[in-house]
Asker: 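Let me begin by handing over the structure; questions about it come next.
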Amino acid sequence: MTDSTRDELLGALGEHIISVFPRLQREVTLPHTGLTHVTPAEADVLRAVLLEPGSSVTQIARSIGQQRSNTSTRIANLVEGGLVEKRVEPGDGREVRVYPTMEAHHNLDGFRGVWSGVLAEASTASDEELAVAAKVLGEMSDGLAKWRAAFRAD
């Protein structure tokens, strides 16, 4: 495979991810029995907290490109909804870190089921093809964690 073919495939993959994402994110804004729905902006915050538990409000805002004040408001809404909790760091009464709750993990598991239903209707891929796709996307997600980590530095 040539570099240009690889570049074209990666570009196409990025384009497809972006086209699928809004449909999947929409589901987290709709009521589903037993699940807590959130706004798209709250979903961005929650996703950041699930990916990097223990981040500060500033780190979260930076990683998702929001203003700190807006992020703080969204975190307050997520705390009220039982999806995240704020903890003061030991030894420094000023530093607040944000962590997902067990409810947030339960919610994510529930939405994985919702997303599975949406994607099942949209794909005829075999289980083997889905396994490869999931592996590749997981590898990319892990690789991009290094990029996210750059935003964690205060």
Side-chain angles (χ1 to χ4, degrees), residues 7 9-123 130 132-154:
D7 289 346
L9 289 170
L10 288 169
L13 184 58
E15 180 182 4
H16 294 312
I17 290 168
I18 288 171
S19 78
V20 168
F21 177 76
R23 176 62 176 93
L24 297 181
Q25 187 179 40
R26 180 177 179 272
E27 291 300 325
V28 302
T29 69
L30 301 173
H32 291 276
T33 302
L35 299 176
T36 303
H37 62 284
V38 296
T39 68
E42 290 167 350
D44 291 342
V45 171
L46 184 55
R47 193 170 29 263
V49 172
L50 285 162
L51 288 169
E52 298 290 340
S55 295
S56 69
V57 175
T58 300
Q59 291 167 332
I60 295 166
R62 220 182 273 152
S63 74
I64 59 177
Q66 291 183 0
Q67 294 295 319
R68 187 184 186 288
S69 60
N70 293 340
T71 300
S72 185
T73 299
R74 290 172 181 129
I75 289 169
N77 292 341
L78 292 169
V79 167
E80 187 176 311
L83 296 173
V84 301
E85 63 183 14
K86 297 190 298 187
R87 298 183 202 156
V88 176
E89 283 298 299
D92 182 358
R94 299 172 300 145
E95 185 66 48
V96 174
R97 300 290 176 166
V98 184
Y99 294 87
T101 63
M102 290 305 295
E103 182 61 27
H105 291 286
H106 166 77
N107 224 41
L108 177 58
D109 289 343
F111 279 111
R112 283 182 178 147
V114 171
W115 297 328
S116 173
V118 169
L119 294 173
E121 294 176 12
S123 178
L130 292 173
V132 169
K135 180 181 180 220
V136 169
L137 290 172
E139 177 186 69
M140 289 176 170
S141 178
D142 292 345
L144 291 173
K146 294 173 190 164
W147 175 78
R148 285 190 307 270
F151 290 101
R152 285 185 51 86
D154 279 337

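Values below: all heavy atoms of this structure, side chains included; hydrogens, waters and symmetry mates excluded.
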Asker: Could you walk me through whether L9 and L13 pass the side chain to side chain contact (heavy atoms under 4.5 Å, CB included) check?
Answerer: CA-CA 6 Å; L9 289 170; L13 184 58; over 6 Å; no

Asker: Does the side chain of V114 reach to within under 4.5 Å of the side chain of L30, using non-hydrogen atoms?
Answerer: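 They are not in side-chain contact.
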
Asker: Please tell me if the side chains of R47 and D44 come closer than 4.5 Å, counting only heavy atoms from C-beta onward.
Answerer: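 SC-SC contact between R47 and D44 confirmed.
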
Asker: Nearest 0.5 Å, what's the CZ-CG distance between R23 and L119?
Answerer: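 Reported value, rounded in 0.5 Å steps: 9.0 Å.
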
Asker: Kindly give the heavy-atom pair with the smallest separation between S56 and R97, and that separation in Å.
Answerer: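 Distance-wise, the nearest heavy atoms are N-NH1, 3.5 Å.
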
Asker: Taking S55 for the side chain and I60 for the main chain, is one N or O donor matched with an acceptor at less than 3.5 Å?
Answerer: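 Absent.
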
Asker: Please give me the minimum heavy-atom distance between T101 and G82, naming the atom from each residue.
Answerer: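 Closest approach of T101 to G82: OG1-O, 2.6 Å.
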
Asker: Only pairs at least two apart or in different chains count here, so list each ring pair (Phe, Tyr, Trp, His ring centres under 6.0 Å) that has a residue in residues 29-58.
Answerer: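 Checked against ring pair (Phe, Tyr, Trp, His ring centres under 6.0 Å) - neighbours excluded - the pairs reaching residues 29-58 are H32-F111.
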
Asker: Any side-chain heavy atom of V38 within less than 4.5 Å of one from N107?
Answerer: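 In short, these two side chains do not touch, never coming nearer than 4.5 Å.
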
Asker: How far apart are the closest heavy atoms of Q66 and T71, and which atoms are they?
Answerer: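 Answer, listing the atom of Q66 first, then T71: OE1-OG1, 2.9 Å.
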
Asker: Output the distance between atom CZ (R74) and atom CD (Q67), rounded to the nearest 0.5 Å.
Answerer: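 R74 atom CZ to Q67 atom CD measures 10.0 Å (nearest 0.5 Å).
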
Asker: What are the two closest heavy atoms between H105 and P100, and how far apart are they?
Answerer: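 Answer, listing the atom of H105 first, then P100: NE2-CG, 3.7 Å.
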
Asker: Say you draw a straight line from CG of D142 to CE of M140; how long is it, rounded to the nearest 0.5 Å?
Answerer: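 Going from the CG atom of D142 to the CE atom of M140 covers 11.5 Å.
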
Asker: For the pair S72 (side chain) and S69 (backbone), establish whether a donor and an acceptor sit closer than 3.5 Å, ignoring hydrogens and angles.
Answerer: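 No; zero donor-acceptor contacts below 3.5 Å.
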
Asker: Rounded to the nearest 0.5 Å, what separation is found between the CD1 atom of I75 and the CG atom of N70?
Answerer: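 If I round to the nearest 0.5 Å, the distance is 11.0 Å.
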
Asker: I'd like to check V28 versus Q25 (side-chain heavy atoms, cut-off strictly below 4.5 Å). Are they in contact?
Answerer: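 Sidechains of Q25 and V28: in contact.
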
Asker: How close do L35 and H106 get, counting heavy atoms only, and between which atoms?
Answerer: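 Heavy-atom minimum between the residues: CD2-O, 4.3 Å.
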
Asker: Look up atom CD in E103 and atom CG in L108, then write down how far apart they are to the nearest 0.5 Å.
Answerer: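 The distance works out to 11.5 Å.
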
Asker: Looking at T39, L83, L78, V98, which one forms a side chain to side chain contact (heavy atoms under 4.5 Å, CB included) with V45?
Answerer: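 Result: among T39, L83, L78, V98, L78 is the only option passing the side chain to side chain contact (heavy atoms under 4.5 Å, CB included) with V45.
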
Asker: With rounding to the nearest 0.5 Å, note down the distance linking CG in L130 to CG in L137.
Answerer: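 Between atom CG of L130 and atom CG of L137 there are 10.5 Å.
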
Asker: Does any non-hydrogen side-chain atom of E42 lie less than 4.5 Å from one of V84?
Answerer: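 No; the side chains remain at least 4.5 Å from each other.
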
